[in-house]
Amino acid sequence: MSNYKDNDGGKRGLDALSSLCKRRGFIFPSSEIYGGINGFWDYGPMGAELKRNIRDAWWRFMVQDREDVVGLDATIIMHPRVWQASGHASGFADPMVDCKDCKKRYRADQLCEEQGAKLVQKDGGWELPEGVKCLQCGSANLTEPRSFNLMFKTHVGPVEDESSATYLRPETAQAIFTQFLNIYATSRRSVPFGVAQSGKSFRNEINPRNYTFRSREFEQMELEFFIRPDEAVELIYGHVVTMADNPDLDGEPQQDWGWEVWHRYWVEQRLKWYRSIGLPSEALHLYWQKGDELAHYARACVDIEYEFPFGVQELEGIAARSDFDLSQHQKFSGKSMEVFDDHLKAAVSAMDEGAKQMFEQRTVSACILRGKSLDEAKAFCAGLFEGRYVPHVIEPSAGTDRLALAILCNAYDEETLTDSKGKPDVRTVMRLHPAIAPIKAAVLPLVKNRPELYAKAREIYKLLRKEWNCFWDESGAIGRRYRRQDEVGTPFCVTVDFETLDDDTVTVRRRDSMEQERVQVSSLVSWIGAAVRT
RNA sequence: GCGAGCUUAGCUCAGUGGUAGAGCUCUACCUUGCCAAGGUAGAUGUCGAGGGUUCGAAUCCCUUAGCUCGCUCCA
């Protein structure tokens with residue numbers, strides 16, 4: 001299979017792809033008749049189907065095909081305190097300085113740090129200390145540090161003042177944490193279990209780039225998987241399974257897994273899913289964030305990256321976030337985020353005082369090493385002895401739009417054929433996995449001026465479209481109709497010909513190999529059905 | 001956000017001050033027994049937007065939006 005990367009290093013491939021996406025109705029610039037708007041993209045008829053199929057495949061894999069994950073569909077606008085608790089209100093606003101002479105821009109804190117100084121906080125704003133200079137040209141002619149908050153701000157109600165200010169969510173995850181108690185109370189699930197959500201998020205990116213890869217309005221598919229703290233696992237099972245124990249990550253999840261195993265389990269699950277929708281293993285890379293790249297609360301984070309034409313870029317981050325998120329919301333809301341764990345309570349009841357004391361000593365010092373205060377560490381142990389804890393979280397968080405882009409990049413192929421006259425002929429074909437292809441089958445009457453053949457084709461079309469999104473095409477020569485379907489990635493073309501009238505079979509033409517075979521009309525639905533499942 | 005380049009039909013592009021074009025696509029009809037076939041007819045543009053210079057602007061100037069690339073950014 002030839003690939004766009006073969007001839008041009010990728011750049012022209014993205015142009016060819018975006019041109020096809022426009023031409024065939026996958027992706028359009030938003031508001032295009034007004035000149036477009038930077039960082040916003042619309043999905044056309046084909047793109048809408050593709051994205052829906054991706055989302056549905058994710059939901060089926062992550063929620064419906066599991067017994068330990070439930071779903072949520074929360075609002076985009078939430079209480080402003082949510083973003084204080086999550087850290088987005090402050091953390092999203094990195095102060096920046098520009099050099100007025102050479103126009104170079106720096107993050108203010110990094111610029112200061114490089115010169116052994118410290119950024120000064122003043123009146124809720126920021127100030128550069130004396131003597132800080134531009135690293136590039138040495139000029140001290142720098143702008144004041146200015147904040148760029150990446151959250152979109154809006155107002156709830158008619159009055160536009162600070163008291164009504166809210167934000168469009170910059171991630172879907174926080175809604176899951178804020179609804180944790182309701183879901184826990186109503187879903188009849190116990191830890192370990194997860195909550196999944198897909199939906200729109202908004203980030204006012206400074207510089208959207210690379211087609212739809214970094215957009216200002218985008219969709220995420222996130223799972224927050226809640227697990228016991230390792231200490232609770234240890235109390236219940238007497239041991240904690242780590243990667244050193246070589247656990248079977250392909251089988252059923254086990255109750256005695258520690259966070260490290262759960263984290264790896266989800267990495268493997270996610271890779272498995274990406275492969276199931278047609279992204280080849282070779283194009284996927286894992287990037288393990290190093291100690292200094294991790295957020296302070298994160299224990300580990302792995303990025304699943306894809307080889308885009310413009311470089312290897314992140315599709316999904318899988319983070320082990322400890323109990324940071326729920327604890328923050330507990331702190332800001334005043335509502336306890338602890339769960340009661342019967343198994344833990346039972347296990348602790350069976351322990352004698354000496355064993356409990358030993359456990360507490362060990363646990364308190366370990367907690368302090370991880371940065372907790374003595375009081376916090378003691379409260380944690382006291383909670384465990386009563387069967388209570390704040391769950392920890394493993395968070396696989398994927399970008400739907402960048403995944404759609406990866407899938408489109410991966411599917412795009414230009415194949416050189418030799419036509420019947422011996423001339424070379426380039427066939428553009430989107431080799432999408434059948435399960436996510438926008439159109440599963442096109443129904444084509446071989447000719448349209450034979451009423452009984454035409455009617456039979458209509459009948460078959462109506463039969464198939466009850467099952468999947470199908471397409472009817474009667475105009476143009478049959479070869480041209482096949483090639484049109486190739487460009488939108490339709491895996492099967494069902495051609496109704498004269499033989500159909502005699503023996504009730506049709507020609508099914510395969511997109512990838514262009515091979516044809518005859519299939520009984522009565523078995524067509526099961527034949528296609530078997531091929532379009534993941 | 002800074003700098004450079006670009007923006008003409010659905011797509012790819014030609015057009016350096018004098019009547020807006022080509023190829024492909026698309027639509028209809030004819031033809032057509034399986035891979036972009038042929039014929040006939042047809043459709044599509046405020047030349048990204050706004051302003052200016054000029055008798056006259058797609059073309060020159062200014063402003064603005066968008067795209068691409070390089071910086072920067074991506075918590």
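Lettering of chains follows the sequences in order, A, B, ..., and the numbering in each one begins at 1. Side-chain atoms are counted along with the backbone in the values below, which use heavy atoms only and exclude waters and symmetry mates. Not measured: the values here are computed from a predicted model.
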Point to revise | Base B:C30 paired with A:Asn449 side chain (donor-acceptor, <3.5 Å) | key: no
**Study point:** Side chain of A:Glu171 (C-beta onward), nearest among B:U32, B:A75, B:U27
**Key:** B:A75
Check your understanding: Heavy atoms under 4.0 Å, any strand shown: does A:Phe213 hit a base, just sugar-phosphate, or nothing?
Key -> nothing
Exercise for review: Provide the Watson-Crick or G-U wobble partner of B:U32, both distances under 3.5 Å; none if there is no partner.
Suggested key: none
Practice item. Determine the contact category for A:Ile37: base if any of its heavy atoms lies under 4.0 Å from a base atom, sugar-phosphate if only primed atoms, P, OP1 or OP2 are that close, otherwise nothing. Key: sugar-phosphate
Practice item. Establish, with yes or no, whether the OP1 or OP2 oxygen of B:C67 is under 4.0 angstrom from a side-chain nitrogen or oxygen of A:Asn38. Key: yes
Check your understanding: Rounding to the closest angstrom, what is the interatomic distance between B:G15 and B:C47 at atom C1'?
Key -> 10 Å
**Study point:** Short side-chain N/O contact from A:Arg209 to OP1 or OP2 of B:C67, under 4.0 Å
**Key:** no
Exercise for review: Verify the contact: side-chain N or O of A:Arg480 to OP1 or OP2 of B:C26, cut-off strictly under 4.0 Å; return yes or no.
Suggested key: yes
Point to revise | Charged N-O contact under 4.0 Å between A:Arg402 and A:Glu316 | key: no
Study note, to complete from the structure: As its Watson-Crick or G-U partner within any shown strand, both distances under 3.5 Å, B:U16 has none
Exercise for review: Using a strict cut-off of less than 4.0 Å between a Lys/Arg side-chain nitrogen and an Asp/Glu carboxylate oxygen, indicate whether A:Asp413 and A:Arg431 qualify as a salt bridge.
Suggested key: yes
Exercise for review: Identify whether any heavy atom of A:Thr495 sits under 4.0 Å from a base atom; if not, whether one sits that close to sugar-phosphate; answer base, sugar-phosphate or nothing.
Suggested key: base
Practice item. For the pair A:Glu459 and A:Lys462, find out whether any cationic side-chain nitrogen is under 4.0 Å from an anionic carboxylate oxygen. Key: no
Point to revise | A:Val506 vs A:Val443, side chain to side chain contact (heavy atoms under 4.5 Å, CB included): CA-CA, chis, key distance, verdict | key: CA-CA 10 Å; A:Val506 290; A:Val443 179; over 6 Å; no
Revision key, fill the gap. Partner of B:A58 under the Watson-Crick or G-U wobble criteria, both distances under 3.5 Å, comes out as none
Check your understanding: With distance as the sole criterion, do the side chain of A:Thr507 and the base of B:C34 form a donor-acceptor contact below 3.5 Å?
Key -> yes
**Study point:** Test: A:Asp486 and A:Arg509 ion pair at under 4.0 Å
**Key:** yes
Check your understanding: Of the nucleotides B:A36, B:A75, B:C11, which one has an atom closest to the side chain of A:His88?
Key -> B:A75
Practice item. State whether the distance check finds a donor on one side and an acceptor on the other, under 3.5 Å, for side chain A:Arg509 versus base B:C35. Key: yes
**Study point:** Spacing of A:Asp15 atom CG relative to B:G66 atom P, expressed in whole Å
**Key:** 19 Å
Check your understanding: Taking atom types as they are modelled, is there a donor-acceptor pair under 3.5 Å from the base of B:A36 to the side chain of A:Glu487?
Key -> yes
Review point. Does a side-chain N or O from A:Lys448 land closer than 4.0 Å to OP1 or OP2 of B:C29, or not?
Key: yes
**Study point:** Residue matched to B:A37 through Watson-Crick or wobble contacts both under 3.5 angstrom
**Key:** none
Exercise for review: With heavy atoms under 4.0 Å as the rule, sort A:Gly44 into base, sugar-phosphate or nothing.
Suggested key: nothing
